[in-house]
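Atoms considered below: every heavy atom in the structure, side chains included; atoms not considered: hydrogens, waters and symmetry mates. In what follows, chains are A, B, ... by sequence order, proteins preceding strands, each numbered from 1.
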2 protein chains.
Amino acid sequence: MEKLTSRQAQILKMIRRFMDSKGFPPTRAEIAGKLGFRSPNAAEDHLRALERKGAIRLLPGASRGIQVLTEGPAGIPVVSRVAAGVPLVAEENIESHYAIDPDIFDPAADFFLRVRGLSMRDAGIQNGDLLAVHATPEAASGQIVVARLGEEITVKRFRRRGNQVRLLPENPEFTPVEVDMRENSLVIEGIVVGVLRTHLGSMGRA
Amino acid sequence: MEKLTSRQAQILKMIRRFMDSKGFPPTRAEIAGKLGFRSPNAAEDHLRALERKGAIRLLPGASRGIQVLTEGPAGIPVVSRVAAGVPLVAEENIESHYAIDPDIFDPAADFFLRVRGLSMRDAGIQNGDLLAVHATPEAASGQIVVARLGEEITVKRFRRRGNQVRLLPENPEFTPVEVDMRENSLVIEGIVVGVLRTHLGSMGRA
DNA sequence: AAATAGGCTGTGTTTAAAGACAGGCAGACG
DNA sequence: CGTCTGCCTGTCTTTAAACACAGCCTATTT
């Protein structure tokens, strides 16, 4: 899809909202009304532009004949095998998308992160599990966080006392990490708000 | 919603299908065309009946002004505190619904079951977790099943040798259950195909 | 300097669509 | 028995809506 101008994106958004609430697309006049145009032909022009750029399809002759061509996959992105340097939720890290309402988690999930390793085993988090993550730099002591330590992405329980942060594994076979926020760069990518395991065909005991 | 006649249900289904494929509701003439009416007024009559019975809403004056009123909550039902005697997935056992695509699990999930107890702790299943369950009476040895033993609903790993079935907990503090299928009534309600944990605010270590 | 895209106003004309009116016929209900 | 609902045909009027035509102004791009 060709790139839209901000005005065109605004009109597309208006159409989407209209369809969500009413269940059918708006007419030219309704678009003009909502956006304050004095002429329905302004809406017509925008629709033509949106069709030309591949955002919608117009069915000639049909009233409300606007089809919004849904761009890309919907749902929550699944982040896996994180590449070094790039942001966590970047195109190249996204494995797929899952059609799940983000609001079943509280606070809402922004993405899933696939876990490698068993460092949080005793918190009921297994290798290959998907963690529902709420993206935020704020974490309270005791929460399980997704943190970036230099190049490494790690999932640990977060404990803080002043500038001294401890990242605790939930498995006696792993050792805690101590970080002084004044010396080392520790970035909180988000807090874990849920766990999702989708494949347990007949796995053996941990 | 009042009960529909088979013809009315058929028309409602046609409207749904039309909206799925086109993105907007049909006109009277389009309904008549699809169903072979020679008069658009037949469609008008049906729409009136559907509105009277609460299946749709008609917006006067608007072209294609048909709103299909979605019946009941969508998504996967969450089964909790199972009452004795009644089927597992019964109205009275359903706690809520979660908007999740059942097909992210394989095989697809039919319902969620809220777990009580820690008998499957070492399989990464904790107290309060939701188990995605595929409803089926067939279980392979090694799978985690939801089984009914008399009045009790239990979640265990399923092992079978002939008529002898063992239901294994995944926690050394619990003891396995042995069942002879010829003597005791064991009903497999389904197999566990996934795990969902939605609330881990700042829980302590297991 | 000319062409093109974006973003509008304003005025029509034509067609798509809602919906009213007048029936017909069958079966269910009191 | 009459009356209601369900399920249709057929016609006609009115309005909703698409869409063509003619412009205006401002940026970009060629």
Note to self: So, using side chain to side chain donor-acceptor pair (under 3.5 Å) as the criterion, who are the partners of B/E95 when residues are at least two apart?
What the structure shows: B/S80, B/R114

With [X], which residues qualify under side-chain contact (heavy atoms from CB on, under 4.5 Å), at least two apart?
X	value
B/N127	B/R116, B/L118
B/P102	B/I76, B/A108
A/E30	A/F18, A/P26, A/T27, A/R64

Check: If you look at every strand shown and take non-hydrogen atoms under 4.0 Å, does A/A49 touch a base, only sugar-phosphate, or nothing?
Finding: nothing

Next item on the list: Report the residue (A/T27 or A/D45) whose heavy-atom-nearest nucleotide on DNA chain D is the more 5′ of the two.
Entry: A/T27

Next item on the list: Between B/S63 and B/R52, name the one whose nearest nucleotide on DNA chain D is closer to the 5' end.
Entry: B/R52

Next item on the list: Scan for ring pair (Phe, Tyr, Trp, His ring centres under 6.0 Å) pairs involving residues 96-116 of chain B, sequence neighbours excluded, and state none if there are none.
Entry: none

Checking [X] now: which residues fulfil salt bridge (charged side-chain N to carboxylate O under 4.0 Å, His left out) with it, not counting sequence neighbours?
X	answer
A/D103	none
B/R182	B/D180
B/R148	B/E189

Item checked: Pairing residues for A/F37 by the ring pair (Phe, Tyr, Trp, His ring centres under 6.0 Å) criterion, not counting sequence neighbours -> A/H46

Margin query: Please identify the 5'-most and 3'-most nucleotides of DNA chain D with any atom under 4.0 angstrom from a heavy atom of chain A.
Written below: D/dA17 to D/dA22

Notebook entry, point to check: Where each residue is assigned the nucleotide of DNA chain C containing its nearest heavy atom, which of A/I11 and B/I66 is assigned the position nearer the 5′ end?
Noted result: A/I11

Notebook entry, point to check: Near DNA chain C, which residues from residues 29-44 of chain A have a heavy atom under 4.0 Å away?
Noted result: A/F37, A/R38, A/S39, A/N41, A/A42

Next item on the list: For B/K22 and A/Q67, test the side chains for any donor-to-acceptor distance below 3.5 angstrom and give the result as yes or no.
Entry: no

Notebook entry, point to check: Can you give the first and last nucleotides of DNA chain C, 5' to 3', that have an atom under 4.0 Å from a heavy atom of chain B?
Noted result: C/dA17 to C/dA22

